[in-house]
Number of protein chains: 2
Amino acid sequence: MIDIVKISQALSDPIRHKILLMLLNHKECTSPRCPTDLVGVCNCEIMEQFGMIQSRVSYHMKELAESGLVTEIPQGKWKYYDLNKEALREYIKELGVIFQL
Amino acid sequence: MIDIVKISQALSDPIRHKILLMLLNHKECTSPRCPTDLVGVCNCEIMEQFGMIQSRVSYHMKELAESGLVTEIPQGKWKYYDLNKEALREYIKELGVIFQL
DNA sequence: CAATTGTATCAACTTATTTAGATGTAAGCA
DNA sequence: TGCTTACATCTAAATAAGTTGATACAATTG
């Protein structure tokens with residue numbers, strides 16, 4: 001079941017909002033370090049894209065994952081993220097239902 | 001223009017969420033103090049419904065009004081609030097557009 | 001197996017949000 | 001006009017959220 005307040009909270013931070021958009025439009029990670037041919041965006045990309053340190057990225061990705069907006073895909077040492085469009089769809093659907101739109 | 005982050009922020013507080021639902025299902029204020037036959041919910045109702053002091057209600061209603069989710073209707077000494085469904089509709093529409101749902 | 005790499009978590013700190021109580025202001029009423 | 005009522009705003013305090021640097025840990029690599 002969807003938690004409207006929690007998802008709203010996750011969406012209410014400008015950086016998380018940008019990260020979600022990045023996940024949406026992601027291309028394969030070009031870093032030679034990362035395994036290629038994987039779905040999702042890796043932490044290193046997010047760090048580079050926004051000039052954020054690792055623990056900060058980790059914190060925000062955890063928030064997003066706990067809200068359900070993002071799916072975590074651990075790959076050995078690495079961790080990838082995928083936008084959970086279905087959660088977003090349920091969120092807007094639920095808003096429509098409870099506010100009778 | 002809709003500010004997704006700001007509206008998400010407004011929605012991300014449990015009390016504000018409840019207030020919005022109250023505005024949605026409001027009936028006429030039964031308090032003998034208030035002028036009748038007015039659209040909207042008055043502050044006194046919100047205070048009573050949630051057992052909140054006046055300054056707290058004032059704070060949250062300002063947040064909601066500034067996000068655009070709520071319309072303020074001053075009536076002399078009183079202030080009434082109306083749920084702005086159109087803002088909610090634009091919010092979910094915009095989410096759909098930017099996240100390509 | 002030792003060194004390296006990627007991520008998680010912790011503790012300390014900073015910043016933002018929420019709350020309560022006090023005070024201000026303007027409208028309505030005796 | 002003076003009193004009361006409804007709401008706004010300010011200040012201070014409490015709580016929550018976000019940031020950073022340090023440390024821990026597990027997977028990978030040489």
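Residue numbering restarts at 1 for every chain, and letters A, B, ... go by the order of the sequence lines. Excluded from the calculations below are hydrogen atoms, water molecules and symmetry mates; all remaining heavy atoms, backbone and side chain alike, are included. Note that the structure is a prediction, hence the values are computed from the model and not measured.
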Could you check how far CD of B:E66 sits from P of D:dA8, rounded to whole Å? 11 Å
Could you give me the CA-CA distance, side-chain angles and deciding distance for A:F99 and B:R89, then say whether side chain to side chain contact (heavy atoms under 4.5 Å, CB included) is met? CA-CA 10 Å; A:F99 288 111; B:R89 280 192 209 99; over 6 Å; no
Could you check whether any side-chain heavy atom of A:I98 comes within less than 4.5 Å of a side-chain heavy atom of B:L20, counting everything from C-beta outward? no
Do any pairs count as a side chain to side chain donor-acceptor pair (under 3.5 Å) and have a residue in residues 55-69 of chain A, sequence neighbours left out, and if so which ones? A:R16-A:H60
Please encode protein proximity along nucleotides 16-22 of chain D as a string of B, S and -, counting only heavy-atom distances under 4.0 Å. -SBBBB-
Between CD1 of B:I46 and P of C:dT19 the distance, given in whole Å, is 14 Å
Please determine if A:E90 and A:K93 form a salt bridge, counting it only when a charged side-chain N lies under 4.0 Å from a carboxylate O. no
So, the side chain of B:N84 versus the backbone of B:G68: is there a donor-acceptor pair under 3.5 Å, distance only? yes
Which atoms form the tightest heavy-atom contact between A:I15 and A:D13, and what is the distance? N-OD1, 2.9 Å
Over how many whole Å does the gap from B:L64 atom CG to C:dT18 atom P extend? 10 Å
Per-nt protein contacts along nucleotides 24-30 of chain D (heavy atom under 4.0 Å; B base, S backbone sugar-phosphate only, - none) come out as ---BS--
Interatomic distance, B:M61 CE vs D:dC7 C1' [rounded to whole Å]: 12 Å
Does B:K79 reach the main-chain N or O of B:V41 with its side chain, forming a donor-acceptor pair under 3.5 Å? no
In whole angstrom, give the distance that lies between atom NZ of B:K62 and atom P of C:dT18. 13 Å
Indicate whether OP1 or OP2 belonging to C:dG6 is found under 4.0 Å from a side-chain N or O atom of A:N43. no
Verify the distance criterion only: is there a donor paired with an acceptor across the side chains of A:N43 and A:Y80 at less than 3.5 Å? no
Would one find a side-chain N or O of B:K79 under 4.0 angstrom from OP1 or OP2 of D:dA8? yes
